[in-house]
Every structure is written in C-alpha cells, then in structure tokens.
Amino acid sequence: MAQLITQWEKACSNVEPEEDDVDNASSAHDEVRKALEADPELSALGIDTILIGSYKRHVSIRRVKDVDVFSKTTDLDMTTADALDLFEQVLVDAFGDDRVERQDRSIKVPFPDFDLHVDVVPARPCGEYWEIPDRDDEWEETNPEELTELTTEMNKRYDDRYVPVVKLVRQTRRHNLGKRPGGFFFEILTYHAFDNGLDGDNIGELYVAALRSIADQLDDFVNGGDVDDPTIDAAVISIRATESQKQKAADTFSDLATKAEEALADADKCRAAKTFRDILGKNSGDNWVFPMPAGCNDDGTVRAATTAVAGDRHVPAGNRRFA
Amino acid sequence: MTAWDDEVAHARDDLLEEFARAGFTLKSSVRIEGEIPAEGRLAPVPVDITIPGGFPYEPPVVRPIEGSGGLSWHANVDGSLCLWAAEESGDLPWTHADELVERVQAWFRNDAAGWVGDTPALDLERYWPSSAGLVLYPDLDGIVGGFARVKVSRGVWRVKPGRAPQQSKQRLAAVVDVGDLDRPIRSFDDILDRTGGHAAKLEREVTRGHVDVLIVRYWRGGRSAVLALIVRKRRPTELVALAAAHDGEETLHLRSGPDRDTLQAAAIAVVGVGAIGSQVADLLARAGLGLLTLVDHDIIRPGNRIRHLAGADWDGHPKVDAVKAVIDAGPSGAVVNVRQARVRTPTDAADLFEEADLVIDSTANGLATRLLLDAGTGLGRPVISVCLVRDGQVARVDRVPLAAGETHAEPTAELSTGAEPLREGGCGDPVSPAPMWAATAAAARATGMAVDLLTQRGQYPPTIIDVLVAGDQDCTEIGARP
C-alpha cells in the first residue's frame with residue numbers, strides 16, 4: 001500500500017490557517033475583549049472573557065472566519081434576551097450600531113478589513129459548568145473549556161496527530177457536504193473516533209480509520225442513536241440539521257470511507273493520491289489540499305519517463321578524486 | 001517545481017514506500033522506525049532512521065534505539081552509525097531501502113567481529129562533543145608525558161615545541177600517549193585509564209586548572225594521530241574536541257607528491273621568473289625540489305602582477321627576490337638562490353649547470369631561448385623550454401638534448417586572425433594577452449616534464465603541445481599532444 005507520507009504532511013499544511021489570518025483573528029478578539037472588560041456594568045458582573053471554539057482549539061481550517069469570545073460573568077440573573085441586550089449595548093457603544101449584529105445566541109461583531117467576525121457569547125455559572133443562551137430564549141449548559149482540554153490531551157495521546165486529522169475531517173466535510181451538519185459536529189465525531197481507539201502509525205492511516213469510525217457513528221445517529229457530549233456528563237450533542245441533511249452526511253461519509261480505505265490499500269501511489277485528492281478537495285485558496293506525488297499526473301496516472309533517482313548514479317571522474 | 005525538484009522528491013517518496021513495503025513504520029516523511037536483523041545478536045536491532053532535508057545528497061542517519069548499537073568504532077557521538085566512506089558517497093549508495101539495510105547489517109557484522117581488516121580511521125574527535133577551532137601541535141616524541149606551552153590566537157591553539165616547566169604562567173598542554181586502541185576513548189576516565197602511572201597527576205593538573213589542553217596521542221594499525229581536547233570545565237571535568245593538525249616537517253611535505261625524495265636531492269635553475277617561470281619555480285619547490293636557482297634581470301611592475309606570484313609590495317623590486325620571498329614563506333623547505341642577471345653568453349649558460357641538474361627556460365625571449373637550448377644540446381645537459389604561443393591559446397614545452405631518433409614537433413602555426421598586439425609604456429615588446437590560467441597550464445606541463453627528467457621515468461616526449469583554446473590550422477582540438 002502506498003504510504004504517501006510526504007503528501008499527507010503537505011495536505012495538513014494546506015489546510016492550516018495562514019499567518020495573516022491568525023494575526024488578524026488575534027487582533028480582532030483582543031479588541032472585542034478589551035471593549036467588554038472596560039465596561040463598568042460588565043465589570044461589576046465580574047466579566048472574564050476567554051477564547052473558545054475551533055480557533056482556540058487550533059482545529060480551524062483555512063480560512064479563519066470566526067472567533068468565539070466566551071464572556072464569563074459571576075452573575076447574570078436575567079433572561080437570555082436581557083443578557084444579549086446588555087452585551088449588544090456595550091458592543092454598540094464600542095463599535096457603533098452598524099458594526100454589531102444580534103444573533104439568536106450571541107452578538108456578532110464583523111471585522112470587514114480582516115474578512116472575519118467575532119462572536120460574543122454571554123455566559124453565567126451553573127454548578128461545575130456554564131450556561132449560555134439557546135435558540136429558545138432559555139439558558140443551556142455548556143463546558144467549552146473542557147473541550148479545549150480534551151483536545152490537548154487527545155493530541156498528546158496520539159503524538160500530535162489528532163489535531164491535524166480533525167482539520168482534515170473538517171476539510172472533508174466542507175468539500176463534500178453543505179452547510180449542515182457543521183464542522184463542530186464532525187469535530188466531536190472525530191473525538192469519539194480517537195477516544196474509542198484508532199489504528200494507524202501516521203496521519204494518513206489515522207485519517208482513513210477516522211473516516212470509517214465517523215461513517216459508523218453517522219449511521220447510528222441517523223438511526224436514532226445519540227452522539228455524547230464529551231464535556232458534560234450524560235449530555236448529548238444536538239445539531240441544526242434536517243433529516244435529509246443528516247442522511248446525506250451518513251451516506252456521503254460511508255462512501256468516502258470506503259474509497260479512502262481502498263486508496264490506502266492501493267499499491268499504485270498515483271491512483272491512491274488521486275482518490276485522496278478528490279476526497280479532500282481544494283482549500284480556500286482554490287489549491288488542491290492533497291498534492292500529487294512526484295512522478296504522477298494530476299489524473300492519477302503515472303508520468304512517463306520519470307527517473308527513479310536524481311541524476312546519474314556515478315560521478316564521471318570516479319570515486320577517488322582530490323582537489 | 002523543476003524536473004530536478006521532481007526527481008529529488010521522487011527519491012524520498014520512493015525510499016519511504018520501499019521501507020513501508022519492507023515492514024518499517026513511517027512516523028513521518030523524515031522518520032522511520034523498524035528492526036534490522038543482525039548477525040550475532042539474539043534479536044533484531046530496533047533502529048530509528050532519519051531522512052535529512054538534503055536527501056538523496058545527504059545520507060539517511062541510522063541510530064539504534066536505546067543504545068543497542070554499542071560503543072564501537074564507526075559510531076558518532078549521537079549514537080548514529082557511520083555507514084559510508086566519503087569516497088563512495090558520489091554513487092549515492094543509500095537511495096534504496098535494501099541497500100541501506102544491507103549496509104546496516106554489514107556494520108553490525110563488523111562491529112561484532114571487532115572491525116577486523118578495517119582501514120583504521122584516525123578521527124577520534126568524532127566520538128566527542130566538539131567546538132570550533134584548531135589545535136596545531138609539533139613533533140611530540142620529546143614531550144610525551146610532560147607539558148608544553150600553548151598560545152591562542154583567533155581560535156587557533158598553537159602548542160609550542162619543547163617541554164615547559166610544570167609551574168608555567170602560560171597556558172599549558174598536557175601531552176599523553178594512550179597507545180594502541182581497540183575501541184574509541186570517549187571520556188576523561190577512558191584517557192586516565194590508559195595513561196598508567198601519570199593518571200593521578202594528569203587528573204590533578206586538569207582539575208586544578210593548570211592545564212588548558214590535552215594532547216592525546218593514540219595509535220591504530222601502526223599509525224599515530226592526535227585527539228586535541230580543550231578543558232571546558234574543571235570540576236566535573238568537561239572536555240571538548242577541537243580539530244587537530246600536526247605542524248611539523250613531515251606533515252608539511254606529506255602532500256608534496258611521490259617524487260619528493262628524488263627531487264630533494266636535485267637542483268634546477270629557472271631562467272625567467274615571469275608569469276610562467278614564477279609558477280614553475282613554486283610548483284617545483286612544492287613538489288620537493290631541494291635547490292632552486294632563480295635567474296631574471298627584470299623588476300616587478302604593476303601590470304605583471306595579475307599573472308604573477310608577487311604582490312603589490314614587490315612593485316619595483318627584482319622578480320627573483322619577489323619569487324624567492326614567496327617560496328621562502330611557503331611550506332616547501334626548498335633552498336632558493338637568486339641571480340638578478342641576464343643570460344647572454346655561452347659562459348653564462350654553462351655556469352648555470354654548475355649548480356643545476358636541469359635548466360628551465362621560461363624567458364620567452366628568442367635569443368635567450370636559442371642560447372639555452374644550444375647549451376643543452378652542445379653540453380649534453382638537460383634544458384626544458386616553456387612558453388605560450390598563439391596569444392596564449394597553446395602551451396608548448398620542448399626539451400633537449402634529443403635522444404637518438406627523436407625530433408621536436410614543428411613550430412606551432414601562428415594565429416591567422418590575430419588581434420592588435422597589446423602594448424605597455426616602457427616595454428618594447430608586445431604584451432602577451434594570455435591569462436594567468438594559461439600560464440599556469442604551461443607551468444604545470446613544464447614542471448611535469450622536469451620531474452619526468454629528474455626521476456628518469458622518461459615518459460615525456462621531446463615536445464608537448466597543449467591546446468588550451470581551440471583555433472585554426474593545426475590547433476583545432478583541445479588537449480595535449482607530442
């Protein structure tokens with residue numbers, strides 16, 4: 001079977017956010033956090049902002065479009081609507097009316113110059129967890145910091161291979177599915193795949209094994225099963241996707257897992273690479289995520305007349321030379 | 001990506017795939033782990049293989065995991081195995097997994113057998129942490145077991161000849177001989193173990209800070225070499241290896257060439273020490289010539305220097321003095337006499353043979369050349385004449401006397417399309433446009449013929465015509481011919 005190690009490494013780097021994006025995201029969230037923490041009313045409520053989300057967990061893929069600011073308070077004894085009003089006003093005062101957008105569960109502050117936005121989520125304590133607004137104007141439990149820790153631990157457990165595979169799975173989802181189910185759901189599925197134990201000595205093998213596990217989990221999900229929330233005891237993940245979208249996700253990933261497994265077992269490295277290229281698609285820069293190996297055409301055939309070794313193996317003057 | 005980039009990437013990818021097929025684990029595009037069966041070992045040896053960024057022009061680095069490689073010869077200080085000699089590297093003998101595995105297995109076999117028949121490498125410093133710098137040491141026989149003074153300047157530590165008193169205020173080197181080694185010495189304790197009765201004293205002097213350098217002479221296969229260690233820390237003692245080089249006569253002349261002994265007993269007069277003659281003189285001195293007489297009437301002018309050994313300091317001074325100074329300052333050891341004079345008369349020519357076994361004419365002066373060649377023929381004494389013709393495109397060397405049946409080649413035809421001759425004020429003759437490399441080529445040919453005569457190998461014909469730049473008529477092909 002073709003290992004394509006160099007190509008997998010390049011694929012990981014091709015989904016990595018670019019430096020400019022990372023710098024801009026950092027700049028944007030700093031600005032928003034400063035504005036929140038400077039407000040006297042929020043200060044009196046013990047405001048303490050942290051980063052959460054895919055950006056914080058380093059599982060964002062190119063490009064970074066949003067950054068989540070989790071705004072902890074010591075007490076937000078009010079309805080979710082009132083909490084969102086309060087945060088909205090603070091942000092309007094800081095950024096102006098036309099730069100603040102009220103969402104169902106957060107306040108969005110676009111940064112058009114950076115082509116990204118910051119989502120501000122109000123949060124209040126709830127025992128060992130937190131509560132944030134849900135879509136029904138109620139408070140719901142959440143534990144975002146736990147997922148950050150779980151990500152770090154899982155990455156350590158798998159010799160820094162977990163995070164790259166999460167990114168490749170997110171890229172796979174983005175290329176093959178529509179808007180829903182979203183990237184976060186697939187991140188959780190990938191987490192469970194790894195947590196249940198995956199066989200693989202390198203990124204490629206782990207990615208293919210993850211695809212199969214995700215396909216199996218999706219199959220179970222569409223047939224009434226639950227996906228556990230690894231951050232909260234006895235909680236399950238709920239997603240905003242229609243039954244049709246869920247079924248499509250299950251079917252698509254089943255098909256992709258089969259193709260990936262066949263490619264992994266294929267001794268023809270050019271053909272295998274073409275399959276992986278098709279599965280992963282292109283990044284936001286419109287470049288193929290999976291590079292073709294040297295000696296392979298873009299269509300997966302072997303390029304003619306490729307030498308196996310750079311240049312002539314023998315130096316014309318022979319071996320015993322002095323100068 | 002160029003076609004070459006493609007090939008280079010291909011080489012790495014192919015190697016990785018070969019290792020995967022052979023059952024090795026690819027941890028990344030630069031790291032492979034696996035096991036290699038080794039003769040004489042109960043279990044295969046686990047190894048870590050790193051493929052460096054410069055592959056295939058850098059060899060893979062193979063390191064037995066957890067020190068299972070042993071502490072034998074041909075292993076680097078980081079535990080990696082030294083698998084290939086420099087002279088075979090041009091063949092890139094490591095581009096296939098099976099080649100690499102076979103070489104590692106050969107290493108283990110040799111290691112188990114104690115490297116019998118191995119050409120002893122004299123490079124103990126590879127087994128030590130190293131630092132930049134160079135230690136120069138003299139002949140050691142008189143100072144082994146004692147101390148020598150050391151001077152340091154710009155990273156070069158120079159050990160002075162002769163024993164130093166132990167209580168010297170200058171930096172000191174301790175000089176020890178650890179004898180014939182069957183395995184590398186890798187620590188201060190290893191050295192102490194092999195210095196016999198001197199160990200306690202040596203340890204004391206190092207830990208008290210009285211010694212800055214350890215000169216450790218060792219032997220392998222009947223040859224000696226030196227490991228030079230700088231004391232970086234006294235307690236606990238930390239030593240780092242610097243490159244070491246012998247600065248004595250034997251080493252200075254090691255690369256003189258195989259004819260040095262014969263040439264040492266010979267004497268040559270070089271008449272005309274301009275562009276060609278100055279280089280002939282220098283080449284002969286470096287080849288080991290014992291006595292050199294330089295003859296030229298002329299002085300150095302700035303225009304000469306582009307093709308001459310002399311630097312700007314010698315403008316206005318006799319050419320013979322300039323060339324002597326350059327040769328005296330070099331490593332050759334030749335005795336150089338000078339005569340600032342012309343060779344005008346048969347007596348002048350005959351006189352040259354009083355001190356010289358061979359006369360080389362590099363005057364490019366028609367009259368002087370005629371005189372010297374006739375003297376050689378008439379007196380039956382060897383003369384070589386060297387020059388550049390055809391505006392420096394052809395080097396020509398002729399010798400006399402001719403043996404029976406020998407003839408010289410015809411004069412080389414002039415260039416049919418010559419450029420306007422170069423002129424310089426104060427110089428009546430046209431200036432040759434020949435570049436220095438052409439003069440060097442001519443000097444090399446003349447030196448080769450001179451050595452051939454003095455060693456009596458008799459391989460050189462009476463004329464060598466060396467076409468350096470192809471042209472017309474009988475000089476259309478590059479290369480030398482009789």
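In this structure, the portion of B/Arg12 lying under 4.5 Å from any heavy atom of chain A is its side chain and not its backbone. Interface remark: B/Ser28 contributes backbone and side-chain atoms alike to the contact with chain A (heavy atom separation under 4.5 Å). Heavy atoms of A/Glu9 lying under 4.5 Å from chain B belong exclusively to its side chain. Heavy atoms of A/Glu205 lying under 4.5 Å from chain B are absent altogether.
A donor-acceptor pair shorter than 3.5 Å cannot be found between the side chains of A/Asp251 and A/Ser254. Side-chain contact of B/Asp259 with B/Thr455: a donor-acceptor pair under 3.5 Å is absent, judged by distance alone. In this model, a donor atom of one side chain and an acceptor atom of the other lie less than 3.5 Å apart for A/Ser60 and A/Ser54.
Electrostatic pairing of A/Lys259 and A/Asp278 does not count as a salt bridge here, judged by no charged N lying under 4.0 Å from a carboxylate O.
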